[in-house]
Structures are given as C-alpha cells and as structure tokens.
Amino acid sequence: MNKLKNLSKYAATNIKCYGMVIVAFAVLYPMLQAGLISNKVSGLLIPICAYIVMAISLNLAVGFLGELSLGHAGFMSVGAFSGVITIACLNDGMPAPVKLLIAIIVGGILAGILGLVIGIPVIRLRGDYLAIVTLAFGEIIKNIINCLYIGIDDAGLHFSMKSANDLNLAGGKMILNGPQGAVGIEKISTFLAGVLLVVFALFVVLNLVNSKTGRAVTAIRDNRIAAESVGINITKYKLTAFIVSAVIAGMAGALYAMNFSTIAAKKFDFNTSILILVFVVLGGMGNIPGTIIATTLLYILPEMLRQFSDFRMLIYAVVLIAVMLATNNARLKDLRARVSAKLKTHKGLNAESGGKGDVSNG
Amino acid sequence: MCQMAENKDRMVPLPSKSIVPERDVDKTPILETHHLGIDFGGLTAVDELSIAVGRTEIAGLIGPNGAGKTTVFNLLTNVYAPTRGTIMLDGKSTARKTTDQVNRMGIARTFQNIRLFGKMSVLDNVKVGLHNSINQPLVSSITRLFGYSSSEKKARDEAMELLAFFKMEDMANKEAGSLPYGAQRRLEIARALATHPGIILLDEPAAGMNPSETSELMENIRRIRDNFSIAVMLIEHDMNLVMNICEGICVLDHGRVIAKGSPEEIKSNPKVIEAYLGKKKEANRDE
Ligand SMILES: Nc1ncnc2c1ncn2[C@@H]1O[C@H](COP(=O)(O)OP(=O)(O)O)[C@@H](O)[C@H]1O
Ligand SMILES: [Mg+2]
C-alpha cells in the first residue's frame, strides 16, 4: 500500500512531464512536416526546447539544491560556442544528426568541466555570496568569448585574442569572430532533436531527484546541519548537483546555437540568466512540470506582443508582475490547498484505513 | 581478576569516579574526552571536560540552562572545533575531522530544536540516515540501472524496520514536518540510528512531552541500547527520567564538571543539590 502511494507520487510527476512533451510533439511534429505551421512560429520551437532544458537545469540548482545561480547563461554560452567549434571541426560528409549529437555532448562536457572548476571555490560560499560570484562568472565568460577569434584551415584550428588577422588563416573559414560571435554556423538543430534533449534532461533530473543522490541534495537544502550530522558530505553532493546542472545547460546551449547561422556572446548575458530564473520561479522551485509550462508561455508571450511594438516589454513586465502576485496570493494559495486537500481526503480515505489495518495485523 | 583490575585502571582512568558501568569496564570506552574545552570570545563555555562512556552505557549529562551541555554535543560531533583537549571515538582521535566524517566514525545525534527534513516523507528522512550504507553510485541514480532497484529496496526495508521499531510504519509516507511533536522526536532518533552509530547523543529528548510519552521514551531508550548494543548519552532536565535510566551521570555547571557518578551518588551530592537545584529554580522563574 505504502509502496503504491509512494510510487504514484513519483509516477504522477513523470507522467505529467513526459506526457506534456509527448503530446506537444505528437501535435506539432506532423503539422510541421505538413507545413501547417508558419515560419514565425516554427522558428520558436527549437529555442523553446533549449530554454525548457535550461529551466530544468536551473531548477536542479535553485529548486532542489537551493543555491541561487545567477550565471547560468554562462554554462549555456560555453556549450553553445564549444558546440559550434566542434561541428566546424567535424568532417563535412558526416550526417547532420550525428554531428549535432557530438556537438551537444562536447558542449555538455565542457560546461561540466567549467562547472567543476567554478563549483569548487563557489560551492562553499553561502546564499548571497554564491549568487554574486556566479553572476560575475557569467559576465567573465561573456567577455572572454567576446574577444576570442578562432578559425580553421587545412592546418587545423587557429586561436587569437587580438584580431581576425592574427589568425593567419590559409584559406579555411572563421568560426568565432570576436564581438560578432560565431559566424557561418551550420543550422543542424531540429525540433526532433530539441524534444529528445528535453526528454533526456527530464530523465536525468527526475531520476536524480528520486535517488540516493537526490535525497542527499534535498536534505542539504532542507537542513544543512542535520544532513551533516547523518554523514552526508555537503561539498561533494552540492558539487555533484551543480555539475549535472552545468552539463545540461551546456547541452541546451549547443542545441540553441545550431539553430542560428550567427550567434554572439552577448546573447548569453545577465539578462538571459535572469530570464531563465524567472521561468523557474514562476514554474515553481522544484516543480518540473510547472517549469515546462512557465517557460513555454513566457517565451511565447513577448512574441505574441510584437504588434504592440514599443509597449511590448512594458506589457510583458506588467503581465509578469500580475502572474507573480496571483500565484503568491495567500488567499488563492489557501483556496488551492483546500481544494487539493479535499480531493486528497476523498481519494485517501481507503488508503488510510488500509494502513491502519496493516498495523493491527502486525 | 588482576588483569581486570589493571584494565579498569587503564581504560577508565579519566574521571575519579568513572561513569562506565561494570559490563563495559574491560573494553575501550566508545567515547572519551581529555581536558576538553572551548571558548567563545571571552566566554569559556566548556572547560576541563574529561569523561568516558562505555560501549553499552546509558549516560546522562545534566546541568542548569546555559551550563554548556549542548555545546558539549556540538564539540563531540565537531560542529565546533575545541579550543583545548581531545576527543577519542572508539579509540581514534576525531581532531580535524568534519561533522559528516565523525558521523561515519560512529557518532550520531538528535537536536534540542528538532531538525528534520520537513518537506521530505518520514520514510525518506530515515533513508537519508541510511545514506552511507546505500551502495548506489551516481550512474545508477541517474539511469535506474546497475543495482538501483536492489539498493533502493534494501534501503526501504531497513528504513521500514527502523520505523517499526518506533511503531511508526503507518506514518511512512507522511510529510515529516506534519507529524505531531512526539513522533517528530522519535523520527529524529530513528534517522540517527540509521547511520549505524556506536553512540547516539540525545539532546533533551523528553522536552515538551507529556508523562505517558516520557515513559514510552524511557522504554525506547533502553530498547535502543539493548537491541543495537550501542551507547546512549542524553541531556535531560526530567530528573525522574535521568535517575531511572542512566547508569552514569555527569553534572555540568558553568561549563565545568561539578560531579560524576551513579544516580545515587548524584542524588546525594550536596554540591549538585545546591548548584543545580538552586539554579534550576532560577531558570524556571526566567521561563
Ligand atoms: N556559537 C556560540 N557562540 C557564542 N556563545 C555560545 C555559542 N554556543 C553556545 N554559546 C554559549 O555557551 C553557553 C552554553 O550554552 P549551551 O551549551 O547551549 O547550554 P545548555 O545546552 O547547557 O543549556 C551559553 O552561555 C551560550 O550562550
Ligand atoms: Mg541545550
């Protein structure tokens, strides 16, 4: 009985998450194939997938680990540009999906390594300090990539931090052109790949949360002192969650970059980090289904408001404030709690008596 | 016999009146402190604390409010680093270890102000306690393969067994923070026991309990010692409980040990009666 109830809670989240993704895919993919979706809308699909993956990744760090990371776009950036460099180096004859897969994996690994390097000093900091340091880190990444010049020719990769001329390319092509960012990217990201990456991120995060590692991470968030007292190595588990989060963000970055022919480092700035944080906060800390919905709606909203041109961001901000106030309204919360409690007691009555029966038998 | 006397001399030399019971005297104490002390700025919270706790002893640490009892627990679990002195756990020094390492060396505790993982289920709270005995690497956490199911099942079975020990099986799936007070205290003990300690430290386990809950707690503390064959050290203000179940008692006042011995000796010690009971009245007036 207990096992069943326990399973069903975990299963409910899983069904909600995977269900939403599968339904969305099942509806949109045939329409896309049949050309029923306008270019404007279809252009949003891959970025939405990438941002959903980013939000899932950030929810692991903020919602489950309880650490406010304000530099998450930095990991996305590293994944994006390492992915771009990777496909430029790969053989032209290679099929696009394979190239994309390799680029996403490389982007994830590099972002993960960076997560480790940054995580070691940062993870010991608490609360506000960690937030500020991650913020600074995101800006540093942006500025470094802004002055990177990378090109490729028959002799291999050429690096410079000064100018494109310093690369001394013999023919070949530019990959990264300083502030202009990556140029001439092969646009190999597809909606299918985006959906698969969302499913992968869901698989990793949902499984992780319901495991030994996830329990340790949640325990640290809930009560650090108690977690230490039962023998949990705080640094090790915080670092693990932080790195997993960074890897997923890097993968999202690679997917995102390969949806455009050019992309600049300033795309992944503080504003982007905050945007993702807004998705997470609105979707709910530790609430993955909510995060998926919030990301989708909030990403589409500004696009739908384009007709208001100058007032677009103003309306967006007002809607955001209204939604935040509504979801945090004490009375509304109370109402929701009462409704769900009613539903629960209705369903739970049988289970309860079953549980008591077990005790008297045992 | 001679050997025994020698051992007794060697193993339990610290307090002039040892609080180690007879059945443990020929073994190394599970816990020893030597001249332990800590200062907070100018305040000496604990000083010259030298005690030894036997392997299956129920020991009491008493004293008026602010005497330094909780600080002693924080020292023993390396939450605070001592200013002076050493701590030996199972014959090994715990100097420069972290709190989680010390737990793995065999010391578990509960807290004066309950510290549960309030948003997690009761079962998961105990599973967190089992953390270091669950063999589940990160890959199997993520993939749910490579022994994930068997490790989770083993954890679940042991956690349920521990909950059953405290008659809490039927609460397994409740949110820990929603339990009544007494059940939260029991859960905290169950979680501490899940770490397979050699000694468990209980900080005011009877605080806020009614008489029937307190007598159930007394029974549970005895059962913990008997079933798990471990030492229990407890801080408690309920003198009835302390005098009933503790084999050795150490009395602290202003961070210093003012008496040590069996319940009978403590009860009749004039210093204790004067310092402790006098203070207690004061403290009660404060509250
Ligand atoms: N972290 C700390 N910093 C400063 N003083 C402390 C700290 N912890 C405890 N103390 C002081 O040490 C003394 C003993 O406190 P405590 O061990 O909590 O007493 P008890 O548990 O016996 O009631 C008190 O005077 C308290 O203010
Ligand atoms: Mg205390």
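Labels below follow one simple rule: chain letters A, B, ... track the order of the sequence lines, proteins then strands, and each chain is numbered from 1.
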**Item:** Heavy atoms from other residues, nucleotides or ligands near CZ of Phe200(A) exceed 12 (cutoff 6.0 Å)
**Value:** no
**Request:** Take atom CZ of Arg144(B) as the centre, draw a 6.0 Å sphere, and report whether it contains more than 12 heavy atoms from other residues, nucleotides or ligands.
**Result:** yes
**Fill in**
Against chain B, residues from residues 217-227 of chain A with at least one heavy atom under 4.5 Å, in numeric order, are Thr218(A), Ala219(A), Asp222(A), Asn223(A), Ile225(A), Ala226(A), Ala227(A)
**Message:** When you measure from the side chain of Lys212(A) to the backbone of Asn135(B), do you find a donor-acceptor pair of N or O atoms at a distance under 3.5 Å?
**Reply:** no
**Prompt:** What is the distance from atom CG of Leu138(B) to atom OG of Ser211(A), rounded to the nearest 0.5 Å?
**Reply:** 7.5 Å
**Request:** Name the member of Gln101(B), Met120(B), Arg109(B) that forms the most heavy-atom pairs with chain A at distances under 4.5 Å.
**Result:** Met120(B)
**Message:** So for atom CZ, which belongs to Phe40(B), do other residues, nucleotides or ligands contribute more than 12 heavy atoms lying within a distance under 6.0 Å?
**Reply:** yes
**Request:** Output yes when a side-chain donor or acceptor of Asn103(B) lies under 3.5 Å from a complementary backbone atom of Gly231(A), and no otherwise.
**Result:** yes
**Request:** Check Asn125(B), Ile134(B), Leu130(B) against Arg215(A) for a side chain to side chain contact (heavy atoms under 4.5 Å, CB included) and give me the one that passes.
**Result:** Ile134(B)
**Request:** Determine, for Arg115(B) against Glu228(A), whether the closest basic-nitrogen to carboxylate-oxygen distance falls under 4.0 angstrom.
**Result:** no
**Message:** Quick check for you: to the nearest 0.5 Å, what is the distance between Ile142(B) atom CD1 and Phe203(A) atom CZ?
**Reply:** 9.0 Å
**Message:** Between Thr240(A), Ile234(A), Asn210(A), who has the most heavy-atom pairs with chain B when the cutoff is under 4.5 Å?
**Reply:** Asn210(A)
**Request:** Give, as side chain, backbone, both or neither, the part of Glu152(B) having an atom under 4.5 angstrom from any heavy atom of chain A.
**Result:** side chain
**chain A contact via Thr77(B) - side chain, backbone, both or neither, heavy atoms under 4.5 Å** = neither
**Item:** Of Ile232(A), Asn233(A), Val230(A), Thr213(A), the residue whose pairing with His131(B) passes side chain to side chain contact (heavy atoms under 4.5 Å, CB included)
**Value:** Ile232(A)
